[in-house]
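Just so you know, ligand 1 is whichever comes first in the structure, and atom 1 is the first atom listed for that ligand. FYI, the numbering just counts along the sequence from 1.
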Amino acid sequence: MLPGNLEKVMFGVISTPVLYLAVRYQVFTHLVANGPAVAADIAKDLRIDPETTERMLLVLTAFEIIQRTRGGQYSLPEEIRPFVDPDSDRYIGGFVAHLVQETAGRVALLDSYLRHGKDAVDGSDLQPFTSLYRDDHATGRFLKAMWDLSFAPSKELAVLAGLATTTHLIDVGGANGPFAVAALQHSPRLRATVFDLPEVEPHLKETRAAHGLGDRLTFLPGNFFTDELPEGDCIAFGYILSDWPDDACVQLLSKAHRACHDHGRVLIMDRLFDESRQGPLATSAMNLTMHLETQGRHRTADEYIALLTEAGFRQAELHRSNSDKHLIVGHK
Ligand SMILES: C[S@@+](CC[C@H](N)C(=O)[O-])C[C@H]1O[C@@H](n2cnc3c(N)ncnc32)[C@H](O)[C@@H]1O
């Protein structure tokens, strides 16, 4: 018998695509909407092949993502449901799609990276967002993944950030607004500007309309490497610094220091490695993903605090959340 951990890692090649296809063909949506059902009925309703459906459901059962009764009915455990229900704000379907549609295609590069190094394989000018934003459909998919990954954690991060006296939040690389929206919903007197690449603008406008935020939420197009950042009393970086190497992070944080009002603050919201670097698992996995898809990496809290200090921020505070995304605050 293989040790369970080894078995799960070995069959990752099966489990991730099956999870993705169950999302894509709405198998989970069916279970959420209709409750327990046998594979044949699920397949009939979704107009997909019954035998393939049954085999996939058996895989998901063995991985304990769904449950199977003796009578052959499948159902969702309570702890899994919010993450696979498209109507829940903890839904991770968009991010699973990103892993399969974007990340998986690059995994083969690891072989070349091992032999030649990332720099030699990618060349010096890998521009992650040129590829991710190759057309509006791909841009929309990426931003959907960001929303799924960030909106639910942002509700807690907006509370931890203590925005009661903040007047103008600048969300640098704020995408389609997951943190800006959570912050505006939490703090009624706040206004927010998302500063991001021009391709993102229509997607932020959609979010603004969907959440009825009017002129409290504005978009400023720009490139954070070639433009200065807009001024505000709180400058946020959510999943930004993990896309870039240390020298670029110091450049961005120094721009934030210039853009930040006196007595203002910078917020870094990102995954963190434990000081021992033994985990968490999602940070270790995403650290490799960052290597494949970006020029960045994940860091410990102390490493982020060192970057903040180099850029001129003081009195760094670490606020751990209940999600994978934590908050480090620096003061000007
Ligand atoms: C990983 S996403 C993070 C999105 C969001 N802040 C979050 O926490 O989910 C990185 C964001 O940085 C933006 N971005 C990348 N390069 C940029 C640049 N040079 N200037 C401005 N924004 C950029 C992308 O468009 C994207 O929205």
Open item on the list: With a cutoff of 4.0 Å, is Glu199 in contact with ligand 1, counting heavy atoms of the residue only?
Closed with: no
TODO: Determine, stepwise, if the pair Val181 / Trp147 fulfils side-chain contact (heavy atoms from CB on, under 4.5 Å).
DONE: CA-CA 10 Å; Val181 171; Trp147 182 273; 4.1 Å; yes
TODO: Classify the contact between Val172 and ligand 1 as side chain, backbone, both or neither, using a heavy-atom distance cut-off of under 4.0 Å.
DONE: neither
Open item on the list: When you measure from the heavy atoms of Phe237 to every atom of ligand 1, does any distance fall below 4.0 Å?
Closed with: no
- [ ] Report yes if some N/O of Gly173 lies less than 3.5 Å from some N/O of ligand 1; otherwise report no.
- [x] yes
Open item on the list: Looking at Asp85 and Arg81, is any side-chain nitrogen of the basic one under 4.0 Å from a carboxylate oxygen of the acidic one?
Closed with: no
Open item on the list: Using a strict threshold of under 4.0 Å (side-chain N to carboxylate O), is an ion pair present between Glu303 and Arg277?
Closed with: yes
Task: Any side-chain heavy-atom pair of Leu272 and Thr283 under 4.5 Å - done: no
Open item on the list: With heavy-atom distances below 4.0 Å as the criterion, list the atoms of ligand 1 near Asp243.
Closed with: 1 (C), 10 (C)
Task: Step-by-step ring pair (Phe, Tyr, Trp, His ring centres under 6.0 Å) determination, Trp244 to Phe225 - done: CA-CA 11 Å; Trp244 306 103; Phe225 289 121; 4.8 Å; yes
- [ ] Could you find the nearest protein heavy atom to atom 9 (O) of ligand 1 and give me its residue, atom name and distance?
- [x] Ser150 OG, 2.6 Å
Open item on the list: Closer than 4.0 Å to some heavy atom of Val200 - which atoms of ligand 1 meet that?
Closed with: 25 (O)
Task: Contacting atoms of ligand 1, where contact means under 4.0 angstrom from a heavy atom of Tyr133 - done: 24 (C), 25 (O), 26 (C), 27 (O)
Task: Contact check, Leu149 vs ligand 1, heavy-atom distance below 4.0 Å - done: no
Open item on the list: Give me the residue, atom name and distance of the protein heavy atom closest to atom 27 (O) of ligand 1.
Closed with: Asp196 OD2, 2.7 Å
- [ ] Go through ligand 1 atom by atom and flag the ones less than 4.0 Å from a non-hydrogen atom of Gly222.
- [x] 20 (N), 21 (C)
Task: Met56: which of Asp49, Ile66, Leu19, Val18 passes side-chain contact (heavy atoms from CB on, under 4.5 Å) - done: Val18
Task: Over-ring placement of Lys255 relative to Phe224, 6.0 Å and 45° cut-offs - done: no
Open item on the list: Tell me the nearest of Ala248, Gly296, Gly238 to atom 3 (C) of ligand 1, using heavy-atom distances.
Closed with: Gly238
Task: Min N/O separation Asn223 to ligand 1 under 3.5 Å - done: yes
Open item on the list: Would Arg106 and Glu102 count as a salt bridge (charged side-chain N to carboxylate O under 4.0 Å, His left out) here? Give the steps.
Closed with: CA-CA 7 Å; Arg106 296 188 66 84; Glu102 299 287 342; over 6 Å; no
Open item on the list: Between Asp246 and Arg299, does any side-chain N to carboxylate O distance fall below 4.0 Å?
Closed with: yes
TODO: Starting from atom 17 (C) of ligand 1, locate the nearest protein heavy atom and write down its residue, its atom name and how far away it is, to 0.1 Å.
DONE: Phe224 CZ, 3.2 Å
Open item on the list: Among all protein heavy atoms in this structure, tell me which lies nearest to atom 12 (O) of ligand 1, with the distance rounded to 0.1 Å.
Closed with: Ile240 CD1, 3.4 Å
Open item on the list: Tell me the protein heavy atom at minimum distance from atom 1 (C) of ligand 1, and give that distance in Å.
Closed with: Tyr239 O, 3.2 Å
Open item on the list: Please determine whether any non-hydrogen atom of Ala236 lies less than 4.0 Å from an atom of ligand 1.
Closed with: no
Task: Sole candidate of Gln278, Arg297, His298 that passes side-chain contact (heavy atoms from CB on, under 4.5 Å) when paired with Phe273 - done: His298
- [ ] Evaluate side-chain contact (heavy atoms from CB on, under 4.5 Å) for Leu163 paired with Arg265, printing each intermediate quantity in order.
- [x] CA-CA 10 Å; Leu163 296 166; Arg265 300 176 307 150; 3.8 Å; yes
Task: Selected option - heavy-atom contact closest to atom 8 (O) of ligand 1, from Met290, Lys325, Glu293, Met146 - done: Lys325
Task: Ring centers of Phe28, Phe83 separated by less than 6.0 Å - done: no
TODO: Determine, using heavy atoms of Phe129 and all atoms of ligand 1, whether some pair is separated by less than 4.0 Å.
DONE: yes
